[in-house]
Amino acid sequence: MVLNIFTDIHNLLLEYMSEEATHITELILIAAAYLGIFAILGLLLVWLERRVAGFFQLRLGPNRVGPFGLFQTIADALKLVSKELTGTVKADSQLYRIAPYFVITTALMSLALIPFSQEIQAFDINIGLFFLTSVSSIGVIGIFLAGWASNNKYSLIGGMRTGIQMISYELSVGMAIVTMVVLAGTLQISEIIELQKDGWFIFQGHIPAVIAFMIFMIAGTAESNRVPFDLVEAESELGAGFHTEYSGMNFAYYFLAEFVNMFIIASIAVVLFFGGWLSPFGITDAIPFAGLFWFTIKVIGVIFLFMWFRWTFPRFRIDQLLTLEWKYLLPINMVNIVLMALMVWLGLTL
Amino acid sequence: MSYFSDIINGTKTLLTGMRITGKYFFVNLFTRKYVITQQYPDNIDTLKMFDRFRGEITLYHNENNEHKCDACTLCVSACPNGSLEVFGDKKPDPETGKNKRYLVKHIYHLEMCTMCGLCIEACPQDALEWGQNFHHVQYDRSKLTKVLNKPGSKLMSGIKG
């Protein structure tokens with residue numbers, strides 16, 4: 001049904017313009033749609049975070065603007081749009097202005113690979129997961145540039161910490177993904193989901209898959225710079241960390257990108273471990289929009305786990321952060337890959 | 001071997017923390033039982049303050065409209081910022097014929113009061129007490145000056161003047 005809509009639009013465009021022009025127009029349309037998804041996702045997740053945080057902290061959270069306070073974040077975004085873009089005199093103005101776009105561009109590029117349902121995936125290449133991990137590594141440059149170009153000691157410390165943290169934990173995220181790729185035998189996201197029709201990978205790969213999932217969740221939290229790994233922002237020590245000097249919409253870009261990155265990491269977890277848009281036991285395979293529904297439900301479940309971490313655990317010290325990665329996660333991860341390879345070789349997967 | 005026991009202990013304590021916060025979240029999600037914030041302007045009519053809340057100074061009156069104040073003005077001298085004014089007068093007691101002090105007006109300036117409670121501690125008769133009223137907002141400052149003794153109230157019998 002969704003496919004029909006897409007082919008209808010394609011045919012409609014072909015009637016009025018040439019094949020190349022149609023292709024370009026479609027690309028622009030998809031880009032616009034993804035920009036919309038980016039904004040809506042960011043705003044919705046900020047609302048969800050604040051509401052969930054309220055319940056965790058024995059409060060109610062935003063509940064005044066619109067039903068259940070849903071429009072609160074829209075009001076906040078409007079406020080941020082209308083604010084003046086300030087900067088410091090001694091900042092490296094070119095880098096300072098360009099830095100937020102690194103972050104949102106990489107978030108948007110990763111978003112293109114997310115399979116919202118069987119039909120809705122903008123960019124499905126055979127090295128999907130590899131592309132995803134490499135693209136999301138570029139995001140750190142934006143944060144690093146922001147810390148450097150602000151010419152502010154707190155920003156710089158925040159940026160340096162980002163460098164340390166992202167480079168360390170990217171290893172764990174990558175190796176947890178590799179563990180699941182060993183099981184799947186492919187990097188293409190749509191194929192990975194197809195392979196889970198008989199059982200999600202967390203059940204197919206049982207013990208090593210569960211260990212990989214736990215490592216992925218820990219490292220994913222660190223990758224999205226969330227509590228307990230928020231040394232980058234560390235309000236009590238660094239003001240606001242790397243985005244101390246940013247205001248208005250430039251700040252909002254960082255803010256939204258952080259939440260969209262969380263969504264992307266949750267989506268990867270859902271794709272790798274919980275069968276993407278597949279329904280449990282294939283109960284709703286016949287219904288056209290069910291894939292979107294199941295994908296959203298699963299992603300919100302994983303995001304809720306991230307939020308649960310955030311409002312429970314205290315922040316790490318920088319040495320504890322590195323100890324956790326290099327002395328615990330990495331060795332366990334390496335053993336886990338070998339274990340998974342052995343299981344696949346001996347045919348012990350379910 | 002502390003390497004593995006560290007991992008297990010760490011996981012265990014993290015899960016303990018998550019159990020506690022998780023209980024708060026799910027109970028609040030469905031019942032709002034643990035929510036402690038007040039939706040203030042909405043529940044202004046039903047909101048009840050706790051017993052020890054220092055809302056304002058009140059003069060205790062019993063059901064016969066009798067109070068315990070004999071206008072000794074100790075509360076006035078105890079007040080650090082002059083929030084209280086007590087006007088008394090003397091008239092002969094019908095039983096003994098002696099002159100006896102009685103309260104005419106007990107004036108309380110809420111706008112100057114810091115709720116320190118020294119007047120309540122100073123009162124030898126325990127005539128003053130805390131009121132739980134929290135909604136003091138007025139458009140005119142003069143409305144914050146209150147007369148504490150109710151019209152037509154008398155001294156409680158058994159209180160020496």
Side-chain angles (χ1 to χ4, degrees), chain A residues 47-65 68-69 172 207 210-211 213-215 217-218 221-222 226-229 300-317 320-321 323-336, chain B residues 1-56 114-115 117 130-140:
Chain A
W47 171 80
L48 192 70
E49 170 96 346
R50 291 178 60 183
R51 198 80 187 151
V52 166
F55 289 146
F56 271 123
Q57 299 179 332
L58 315 187
R59 298 183 284 117
L60 285 170
N63 62 347
R64 294 283 153 161
V65 191
F68 306 107
S172 279
I207 298 166
V210 170
I211 295 172
F213 176 64
M214 286 162 78
I215 291 170
M217 287 302 283
I218 294 169
T221 317
R226 288 173 62 79
V227 182
F229 301 97
I300 286 177
V302 177
I303 283 176
F304 173 71
L305 259 181
F306 281 132
M307 290 178 179
W308 200 342
F309 294 160
R310 173 162 188 173
W311 301 108
T312 306
F313 304 142
R315 189 189 301 136
F316 281 92
R317 237 170 30 221
Q320 293 169 331
L321 180 95
T323 308
L324 177 71
E325 163 64 20
W326 296 101
K327 287 189 181 168
Y328 289 89
L329 290 187
L330 197 62
I332 294 172
N333 225 334
M334 284 170 160
V335 173
N336 198 32
Chain B
M1 279 311 281
S2 73
Y3 182 81
F4 292 105
S5 60
D6 277 356
I7 295 177
I8 292 165
N9 270 334
T11 318
K12 217 186 278 177
T13 47
L14 288 182
L15 287 178
T16 312
M18 282 179 72
R19 204 186 62 220
I20 293 167
T21 50
K23 191 182 93 181
Y24 285 148
F25 175 80
F26 286 108
V27 171
N28 281 339
L29 182 65
F30 296 115
T31 65
R32 310 274 196 277
K33 191 178 133 198
Y34 292 122
V35 171
I36 53 172
T37 45
Q38 301 287 341
Q39 300 292 298
Y40 175 58
D42 295 348
N43 63 358
I44 200 157
D45 299 325
T46 54
L47 189 61
K48 267 267 187 288
M49 281 296 157
F50 43 94
D51 288 345
R52 288 169 61 190
F53 181 71
R54 297 181 166 200
E56 60 179 345
T114 60
M115 313 291 165
W130 286 113
Q132 271 73 45
N133 178 23
F134 56 90
H135 192 67
H136 297 306
V137 183
Q138 298 289 354
Y139 284 104
D140 192 350

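In what follows, chains are A, B, ... by sequence order, proteins preceding strands, each numbered from 1.
Heavy atoms closer than 4.5 Å to chain B are found in the side chain of A:Leu305, but not in its backbone. With a 4.5 Å cut-off on non-hydrogen atoms, B:Phe26 touches chain A through its side chain but not through its backbone. With a 4.5 angstrom heavy-atom cutoff, A:Phe313 touches chain B only via side-chain atoms. Using a 4.5 Å cut-off between heavy atoms, B:Leu14 touches chain A through backbone and side chain atoms alike. Using a 4.5 Å cut-off between heavy atoms, A:Pro314 does not touch chain B at all.
In terms of heavy-atom pairs under 4.5 angstrom with chain A, the leader among B:Val27, B:Asp42, B:Ile20, B:Thr11 is B:Asp42. When each of A:Val52, A:Asn63, A:Leu58, A:Thr312 is checked for heavy-atom pairs under 4.5 Å with chain B, A:Leu58 comes out on top.
Heavy-atom minimum distance, A:Ser172 versus A:Leu329: OG-CB, 3.5 Å.
Around atom CE of A:Met334, no more than 12 heavy atoms belonging to other residues, nucleotides or ligands sit under 6.0 Å away.
With hydrogens and angles disregarded, no donor-acceptor distance shorter than 3.5 Å links the side chain of A:Trp311 to the backbone of B:Thr21. In terms of modelled atom types and a separation under 3.5 Å, the side chain of B:Gln132 and the main chain of B:Gly55 share no donor-acceptor contact. Judged by distance alone, the side chain of A:Arg315 and the main-chain N or O of A:Val227 form no donor-acceptor pair under 3.5 Å.
Note: A:Phe316 and A:Phe229 have parallel aromatic rings, judged against thresholds of 30 and 60 degrees for the angle between ring planes.
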